[in-house]
Amino acid sequence: MIIKQELLKIFRLPIVGILLLFFIIINGLFIWSHSYIKEELSVLTSLVDKYGTAINEEMLAQFGGDYQQISDWVSTIEDLNGKSGYEHPSDLLADDEFFLNPPISDKEFNQLLEYDLIETYYRTAQDIDGIYENVNVRARAEETIDLYGFQGEAAETVRAQFEKLADRKEQLIENGEHKHLFFYGKIYKMHNLLFKDIGMILIFELIILAVLITGAVTNYEFEQKTALVTYTTKIGRKLVIPKLFAAITANTAVIISLIGATLAIYFLVFNYSGLWHVPISSYFNAITDFPYITWWNISFIEYIGLMLLLIYLVMMLFSGMTYILSIWLKNTYLVFISFMVILGLGVLIPGYIPLSTNFSHYIHQTPFFMILNPHEWFMGYSPFTISPYYEVITISSWAVFVAGLIFVSIRRFYRQALH
Amino acid sequence: MRIILNEIKKLFDWKVVALVLLLSFLFYQLFMDFEFSVFPNGRPTTDHYNIAKDMIAEYGQEMDETEFEDFKLTYQEEVEKANDYLQSREDAVAIGITTYEQFRARDGHDEQASKLSSNIMFEEGVDVFWELQARESIIERYANKKEDFSRSTAHINSEAWKQTIIDGKYHHSILPGLVTDNYNNLIKMVAIWVVISVMIIVGRVFIVDQKNNVMLLQYTSKTGRLIFRKKVIAAVITTLLITTAYLAAFFAMYRTNETSDFFQSKVWSFDNSYQSWFNLTFLQYIILTVIGIYLLALISGVLSTILSRYMSAYITLIGSQVPIVVILVYLIGEYLIYNIASIHDPKLLPFITYTILIAFAFFWLNYRIRREKRLDIL
């Protein structure tokens, strides 16, 4: 019952709702500003309708048969010099003059553009085997070490992790995880749009909400000058414990509403039908020559689930840290600024550590660094987060650390002068 | 006056100031340090920057067509130097690369040629080869300035305006884009940080007294409700102090980028992709952005003051400041500071936006001042 009263202290304030609404509108506008690619994305969705997502001999044969018809159609079109017999749509479109002043009707030209996209998918699907043969994980390790300037022990750690990734790549090629159709990453970057851009926006919005809510609940008695009354009642200083649970409950509600509304808008704008179970390691997700490789076979929908879970856990950690700050500072204004200072330090400090010992890896295992690349979670990609268990270790070690500090802080609060 | 002074002292609470200073340092390290420590960024950017400075020393702020011929001659002389260098290298002669022309036209897949070029460019870092690259890009841009101009102004329908640009020889100005890009990136961050700092520090102007129930005493004292105006004045003075302090610190640091040679150059240059509706010199452009920052600081200071009067809990105060900061930061990055008055935005857009923001803050403040006179304070 006390928790309910504590929650009322927050949700009676219209600002939480207003802020939530403001963030949902911003996210909606951000998603809407990318919606112009919707039409082109639907080309892939209809391909998936026809052939499914898995790329195999049978599928390629069927796809190839249909592509032959496109090729036949293309070969009838004449270019500006009256030459015809082109094999691929892209051959025709490669000529800038043709692209700017097509000698065909608008309808035919649009058809040609669509076929050009289908060609991209068809030819990339055929090329995947060759591309993965050329992906050299060990060379990538050396490049990464050079680029960042790792030395000694730290470089060995990076090498060892990439070695594991090389094995994982072999396994991936065997089970064909990478051979699935998905929105073409090099053009549309849908993985980065959803998990990096929108993921980061969500994380920073939630940080603001979580810090404000936790700070306000915990500091309420001091800010409303009721501390001397409430903390001398029968429940007394134990009241800070229901406050912690009230903060957690309120944050959970806010996280679910904001992420829920944002993803709802996202999936209303972008049609992912037929693609929910495509593995994240699909080659089509890649935006550079080094593809995304998840450590386990994770499908798109599972990845969303894991992302939600991680964001939730990270927010709980941040909420816990805010709670600790609140107990010591007793002022939401100072708590908010202090949290931003801690966040800034958390992002900045790892960069100052020399990259010669394994300490440089450990220092990156913080939630502050983890939230910077939500699109690389559970993946072998960047050197500091490459370990398969990076996320699990970071979250669990920090959970222990924060829980310990919360315990100490509460104990301290029990015997503190109240003003 | 005494009250105003004391209110200002209250705003500069040591805990808040210390945290804001710490936060400023972090902000600087995260978003600005790079533009200072790595300017100009690598090669041939550094060479480009140095050549542009030499050009100003030789030709003045502008390079006309005859001076361009001279510039091309200098290029030829440099090519001769490169030829001499190549002929002095045995490994170059061995694979038949004896002139700069051959060096440029080398086959990218030829292993020996690639090895030679990477040795010259990266391991030895021979200046003349990098400088030639920079000079080539300058010559190319100067030669193509008319085409570039018509392409970048294709969306503008005023032939008369375009003619004044061409007649005014706007393109002759020497100002590399890397200098204005660097300044733009920095000043954008300064503007964002000034807005946030002002919000944090000025936001406490009313709420602290409100929380301590001092308002009731203040409003019934001899000064009475005039205290509201005095606090607003204190908030505005604090805003101006913070802004001036940040700008002074910023320009002290910006001096180390040593771009003062370009101050008298027109921003509209053949070598610069930023093009303005107005024929500004770089110094005038800097002044324009500084004025913009003062306006933004005042807008955020006044809005923060008003919100501080309305809100009785810190969560509501910060919560209501967040949307304002988000909107201002977005607009700063779009056109209020970054690339202000660019021809890619409608000519009057920044001015209309500033006017709307100022009018909004002013009318709200005015309304509140009038309301304070007859407000029920309990």
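Just so we're on the same page: letters track the sequence lines, and every chain starts at 1. This is a predicted model, so every value here is computed, not measured.
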Side chain, backbone, both or neither of A:L19 within contact of chain B (heavy atoms, under 4.5 Å) = side chain
Looking at B:N212, B:L22, B:I315, B:L317, which makes the most heavy-atom pairs under 4.5 Å with chain A?
-> B:I315
Whatever's closer than 4.5 Å to a heavy atom in chain B on A:L334 counts as both
With only heavy atoms counted, which part of B:Q210 is less than 4.5 Å from chain A, the side chain, the backbone, both or neither?
-> neither
Does a side chain donor of either A:Y323 or A:S409 reach within less than 3.5 Å of an acceptor in the other side chain?
-> no
Which atoms of A:F22 come close to chain B, meaning under 4.5 Å heavy atom to heavy atom: side chain ones, backbone ones, both, or neither?
-> side chain
Check whether B:I207 gets within reach of chain A through its side chain, its backbone, both or neither, counting any heavy atom under 4.5 Å.
-> neither
Give the member of A:L345, A:V347, A:V211, A:I18 that has the highest number of heavy-atom pairs under 4.5 Å with chain B.
-> A:L345
Would a line drawn from the ring center of A:F384 to the ring center of A:Y148 be shorter than 6.0 Å?
-> yes
Name the region of A:F23, side chain, backbone, both or neither, that has any atom closer than 4.5 Å to a heavy atom of chain B.
-> side chain
Examine whether an atom of A:F204 lies under 4.5 Å from a heavy atom of chain B, and if so say whether it belongs to the side chain, the backbone or both; otherwise answer neither.
-> neither
Looking only at heavy atoms, the pair that brings A:A210 and A:N251 closest together is CA-OD1, 3.4 Å
Within the 6.0 Å centroid threshold, strictly below: A:F339 and A:F318 | yes
Under 3.5 Å, is there a donor-acceptor pair between the side chain of B:N339 and the main chain of B:S342?
-> no
Neighbour count >12 (heavy atoms, 6.0 Å) for atom CG, B:N157 = no
Is it true that B:F34 and B:Y28 have ring centroids separated by less than 6.0 Å?
-> no
